[in-house]
Amino acid sequence: MFESIRGKILDSRRIVFVTGAGISQESGIPTFRGKDGLWKNYDVMQLATIEAFYDHPKLVWEWYNERRKNIFSTEPNLGHRAISELEKFVKVTVLTQNIDGLHQRAGSTEVLELHGSIVEIKCTNCNFKSEILSEFTRIPPLCQCGNILRPNVVWFGESLPQDVWQKSIIHASTCDMMIVVGTSLVVSPANTLPIYAKQNNATIIEINPVETAMSSYMDLSIRGTSALILPEFVSIFKE
Ligand code: APR
């Protein structure tokens with residue numbers, strides 16, 4: 001399935017992955033859009049904006065508590081593991097919209113989290129920020145300073161962490177191959193990363209079971225799930 005660009009794959013020196021919710025779907029974490037997507041059953045404006053958080057902190061925290069419980073009970077799948085294995089052969093950077101930490105748990109060493117992390121909790125007022133894996137019994141949880149804690153994720157209307165975004169642009173602009181996996185590419189600014197790659201003449205591959213907003217922009221679109229296709233991709237380097 002990669003035959004037409006096999007040479008380019010083996011010649012590549014810097015591979016950047018842009019990943020989205022689809023790569024964790026086979027670990028049992030639902031995606032946001034599409035048939036069984038979270039935004040089918042939940043209202044994004046009531047759960048994933050800063051206004052919603054201050055209006056209904058308990059509701060928002062209950063939703064995040066459930067998601068944290070689900071995410072902590074899952075394992076990286078063959079897709080995440082294939083990306084981490086690829087580091088044996090070539091320089092790999094992962095730019096992920098996911099907040100689940102599964103790339104890191106699979107062993108990837110260079111992961112930039114564009115939308116933050118659900119594992120990390122920060123204070124809405126002071127500088128407190130820490131990885132917390134235990135469940136909160138008191139909802140909403142409070143910081144030692146007395147203010148409300150929140151998950152360190154990027155909500156709609158909030159800016160991406162600027163250092164992470166600046167580094168991501170540099171990686172996208174200097175890679176020779178970009179592989180876009182499991183994202184609908186409808187959320188900005190993450191969906192501009194393929195444009196930066198194209199400006200550097202990088203080869204862009206998409207792995208997704210369905211067509212996306214930017215499929216026509218790709219040099220190659222593979223229709224399939226990431227846990228199935230990514231190990232095939234890595235096997236090219238092992239032959
Ligand atoms: N393997 C690969 N791709 C898959 C799989 C799979 N097993 N299952 C689903 N997909 C694809 C879907 O076809 C879809 O194109 O993954 C994509 C998931 O798209 P979204 O649900 O829109 O997720 P994402 O692109 O990551 O969303 C971006 O939106 O609400 C926000 O902040 C949230 O980071 C998220 C952002």
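One-based numbering, in listed order, for ligands and for the atoms of each. Note that these values count all heavy atoms, side chains included, but never hydrogens, waters or copies made by symmetry.
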K.L.:
Could you tell me whether the side chain of Asn200 and the main chain of Cys175 form a donor-acceptor pair under 3.5 Å?
P.N.:
yes
K.L.:
Give the protein residues with at least one non-hydrogen atom closer than 4.0 Å to an atom of ligand 1, ordered by chain and number.
P.N.:
Gly20, Ala21, Gly22, Gln25, Glu26, Thr31, Phe32, Arg33, Trp39, Gln97, His115, Phe156, Gly182, Thr183, Ser184, Val187, Asn208, Pro209, Val210, Thr225, Ser226
K.L.:
Please say yes or no: joined through hydrophobic side-chain contacts below 4.5 Å, possibly via intermediate residues, are Val44 and Tyr64 part of one cluster?
P.N.:
yes
K.L.:
So do Thr124 and Phe53 actually touch side chain to side chain, heavy atoms under 4.5 Å?
P.N.:
yes
K.L.:
Will you find, in the side chains of Thr225 and Gln25, an N or O donor that is under 3.5 Å from an N or O acceptor?
P.N.:
no
K.L.:
Remaining members of Leu193's ILVMFWY cluster at a side-chain heavy-atom cut-off under 4.5 Å?
P.N.:
Val16, Val18, Leu95, Leu112, Leu114, Val154, Leu160, Val164, Trp165, Ile169, Met178, Val180, Leu185, Ile195, Tyr196, Ile204, Met214, Tyr217, Met218
K.L.:
Is atom CD of Gln166 surrounded by more than 12 heavy atoms (other residues, nucleotides or ligands) closer than 6.0 Å?
P.N.:
yes
